[in-house]
Amino acid sequence: MDWFWWVLIVFWTGGFAWVADTVRTALRNRHERKLELMKAAQQERLAVEEAYKSPEPVCGCTHHLAKHDKQGRCHERVEVPTAWDENKKPLRYEAGQCNCQRYVGPQPLSQVFAEELTDRI
C-alpha cells in the first residue's frame, strides 16, 4: 500500500500531466490522419466516377449539341453587348443569336455504327 501514496503524491504534483498531454496529442493526430484518409478516398471515388462518364457533346460556344442543327449552326440565344464605357467594358446587353458555326466536339455514341461480331455469313 506504500506505492499508492507515491502515485498519489506524483498525481498531486502534476506528474501525470505529460501522460494526459501525450494521449491527447496522439488522439488528435490519429483523428487528423483518419480525416485525411477519408478525404483521399472520397477524391479517388469522385475521380473514378468522372473517368467513367462519357464526354458531353458541347460546342466551343459552350452550348450543347442539341442546340445545333444538321448544318452545325447554333440556335441558342445569347446576350450581345450594345453599349460600352470608356474602358471598353460592356454596359448593356440585348438578346441575340449565337455566332458559332459548327460543333467540333466528340461524336455522340448514337451516330456510331458497329457490326455484330458473329461467325455467321
Side-chain angles (χ1 to χ4, degrees):
M1 190 77 171
D2 193 30
W3 62 270
F4 178 74
W5 292 109
W6 284 108
V7 170
L8 193 57
I9 289 170
V10 171
F11 180 69
W12 280 335
T13 58
F16 289 109
W18 66 271
V19 172
D21 188 43
T22 304
V23 169
R24 193 176 311 117
T25 303
L27 289 175
R28 186 180 320 114
N29 290 342
R30 181 176 184 265
H31 177 70
E32 289 172 358
R33 283 194 313 266
K34 284 282 195 180
L35 288 177
E36 288 172 2
L37 287 173
M38 288 172 52
K39 189 173 183 180
Q42 180 184 14
Q43 288 176 345
E44 180 182 358
R45 186 172 51 248
L46 290 175
V48 168
E49 289 176 5
E50 192 69 28
Y52 283 117
K53 282 177 48 177
S54 61
E56 284 287 321
V58 177
C59 184
C61 63
T62 67
H63 298 132
H64 198 274
L65 177 62
K67 303 289 183 177
H68 295 74
D69 59 10
K70 296 289 184 186
Q71 290 78 28
R73 185 122 174 106
C74 185
H75 293 284
E76 185 66 20
R77 302 294 285 178
V78 295
E79 291 181 339
V80 179
T82 57
W84 293 266
D85 63 0
E86 64 277 353
N87 295 327
K88 297 185 180 179
K89 291 186 180 180
L91 294 175
R92 282 181 298 187
Y93 295 93
E94 287 183 1
Q97 187 73 29
C98 181
N99 290 329
C100 85
Q101 296 294 318
R102 189 164 174 265
Y103 169 72
V104 293
Q107 282 292 92
L109 194 58
S110 63
Q111 295 180 2
V112 177
F113 175 74
E115 294 192 24
E116 294 184 29
L117 298 175
T118 61
D119 291 337
R120 293 185 183 176
I121 296 179

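Numbers for residues simply follow the sequence, beginning at 1. What you are looking at is a predicted structure, and each value in this text was computed from that prediction instead of being measured.
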Asks: For residues 84-98, which side-chain N or O atoms pair as donor and acceptor with protein atoms under 3.5 Å away, sequence neighbours left out?
Replies:
residue : atom : partner : partner atom : Å
Asp85   : OD1  : Asn87   : N            : 3.1
Asp85   : OD1  : Lys88   : N            : 3.2
Asp85   : OD1  : Lys89   : N            : 2.7
Gln97   : NE2  : Cys74   : O            : 2.9

Asks: Holding to side-chain hydrogen bond (donor to acceptor under 3.5 Å, both in side chains), I want the full list of residues that pass it with Glu76, two or more places apart in sequence or in another chain.
Replies: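 Testing Glu76 for side-chain hydrogen bond (donor to acceptor under 3.5 Å, both in side chains), a comparison that skips the adjacent residues, returns Lys67.
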Asks: According to side-chain contact (heavy atoms from CB on, under 4.5 Å), who are the partners of Val80, at least two apart in sequence or on a separate chain?
Replies: Val78
Asks: Pairs of donor and acceptor atoms involving the side chains of residues 19-48, under 3.5 Å and at least two apart or interchain, shall be tabulated with distances.
Replies:
residue : atom : partner : partner atom : Å
Thr22   : OG1  : Trp18   : O            : 2.6
Thr25   : OG1  : Asp21   : O            : 2.8
Asn29   : ND2  : Thr25   : O            : 3.4

Asks: Identify whether Trp5 and Trp3 are in the same connected component of the hydrophobic contact network (ILVMFWY, side-chain heavy atoms under 4.5 Å).
Replies: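 Yes, Trp5 and Trp3 fall within the same hydrophobic cluster.
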